[in-house]
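When a ligand or atom number is given, it counts from 1 through the structure's own listing order.
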Amino acid sequence: MNILSDRVNNLSESATLEMTRLSRKLKAQGYDVINLSIGEPDFNTPNYIKEAAKTAIDENHTHYTPVSGLIELRKAIANKFKKENNLDYNYEQIVISNGAKQSIANVILSLVNPGEEVILPSPYWVSYPEITKLAQGKIVEIPTTIENDFKVTPEQVEKAITNKTKIFLFSSPCNPTGSFYSKDELKKIAEVISKHKNIFIISDEIYEYINFAGKHESIAQFDFIKDKVITVNGVSKGFAMTGWRIGYLAAPVEIAEACDTLQGQITSGASSISQLAALTAISSNTDTSNELKEMQKAFKERRDFLIELLKNIQGIKINIPAGAFYIFPDISYYFGKSDGKTIIKNSTDLCLYLLNEVQVAMVTGSAFGNPNCIRISYATSKAQLEKAIKRIKEALEKLI
Ligand code: PMP
Ligand code: GLU
């Protein structure tokens, strides 16, 4: 008897978390695994943020908070949007959740009826299609190419829209490609979408601070589209706070209230202690925190370092990521090749081959909608990256 619901039976395990689970398992068996699969800063949370959490505990901030979060934090986020992104939001439009992942789930589950369509520029982040499936929405992918820096054009967006389209969901800087949409590119996409009055945009800006291209741009900055945009962000990546589980969204009031109702029946308000730590993180000016500046600098250096290393491997095609901490190379050159034991048919085979042969964990591009690529996370030290690429090169040279 099948005891599980169709909902769960149709759901895939998060591919990013799955590879991390597999690499932890191999590590526990004594293998020297290099984990380039998980997307999280290898840096620790800065001390001034940790101190705020310790104070929160000592001062007994250990009770339930309002479902949408502490008003001080929602106000601080509204200030951040004004100061850094020139976006006007009232604190009532802000909802704090247990990570940006929950923020995205809140919005999709609040907006999508069964059969309504969610447009995803592909490659997309692994959880977007799975959350859409949970809402019984239909996924409409727009494929992009490495030659076009994995970005969609306004014409492609126009073509993907139907009378069932409800949401256009994208990230910039993008996970997994690192691509970054300029102000002009965002404006053109916004112009196309604004012609259709029932379509909302979810703009996932979780990699805002890990951006080597210059000033971050939010699609909500254009007045003609702002009341159709839900901007999602969080402290996981920019402040090295993945384990604290704080994400947030800014939305039209009706949508923010729907997210509050939904969240109130599932998880309630996020951890009070984490919210007070996030308050310190968000209220502090990121430009003046040395620890965060060091982190951003390190990511850029590692990106450049990794690109140079990858250039020495035959058959790999790369674009230059402008942000986040991933590279998404095309490795299809190796399809059909074999080491005498295993034939590599696709990127999942290649990932498993590299994990089993040389214990380097990465994530298959298939999970992000592009089976020709693999995702390499460079949120690890240069020494580890060098060691990993040496191993990968040796393993790939065995494939003929
Ligand atoms: N969006 C993207 C694009 C991500 O890479 C992540 C990473 N986990 C998230 C959202 C969710 O982040 P979190 O739930 O840790 O805030
Ligand atoms: N966003 C990260 C990643 O893509 C963390 C893992 C996850 O939440 O899926 O690897």
Taking 4.0 angstrom as the limit, do [X] and [Y] come out as a salt bridge?
X: E308; Y: K311; result: yes
X: K317; Y: E147; result: yes
X: D42; Y: R302; result: yes
X: E397; Y: K393; result: yes

Open item on the list: Below a 4.0 angstrom heavy-atom separation, can you tell me which part of F325, side chain or backbone, both or neither, approaches ligand 2?
Closed with: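 Neither part.
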- [ ] Would you kindly check if the NZ (Lys) or CZ (Arg) of K75 is within the cone defined by 45 degrees around the ring axis of Y91 and under 6.0 Å from the six-membered ring centre?
- [x]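 That pair qualifies as a cation-pi contact.
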Task: Y378/F305 under ring-ring contact (aromatic ring centres under 6.0 Å, His included): CA gap, chis, key distance, verdict - done: CA-CA 10 Å; Y378 55 85; F305 185 65; over 10 Å; no
Open item on the list: Looking only at distances, can you tell me whether any N or O atom of G39, backbone or side chain, sits closer than 3.5 Å to an N or O atom of ligand 2?
Closed with: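 It does: an N or O of G39 is found under 3.5 Å from an N or O of ligand 2.
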TODO: Write out the residue and atom name of the closest protein heavy atom to atom 8 (O) of ligand 2, then the distance separating them to 0.1 Å.
DONE: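 Protein heavy atom at minimum distance: K101 NZ, 3.0 Å.
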Open item on the list: How far is atom 1 (N) of ligand 2 from the closest protein heavy atom, and which atom is that?
Closed with: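 Checking every protein heavy atom, the shortest distance to atom 1 (N) of ligand 2 gives K237 NZ, 3.1 Å.
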- [ ] Report yes if the side chains of Q359 and I34 come closer than 4.5 Å at any heavy-atom pair, otherwise no.
- [x]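 Side chain of Q359 against side chain of I34, heavy atoms only: no contact under 4.5 Å found.
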Could you list each N/O atom of ligand 1 together with any protein N/O atom closer than 3.5 Å, one pair per line with the distance?
residue, atom, partner, partner atom, Å
ligand 1, 1 (N), D204, OD2, 2.6
ligand 1, 5 (O), N175, ND2, 2.7
ligand 1, 5 (O), Y207, OH, 2.6
ligand 1, 8 (N), K237, NZ, 3.2
ligand 1, 14 (O), A100, N, 3.1
ligand 1, 14 (O), K101, N, 3.0
ligand 1, 14 (O), R245, NH2, 2.8
ligand 1, 15 (O), S236, OG, 2.7
ligand 1, 15 (O), R245, NH1, 2.8
ligand 1, 16 (O), A100, N, 2.6
ligand 1, 16 (O), S236, OG, 3.2

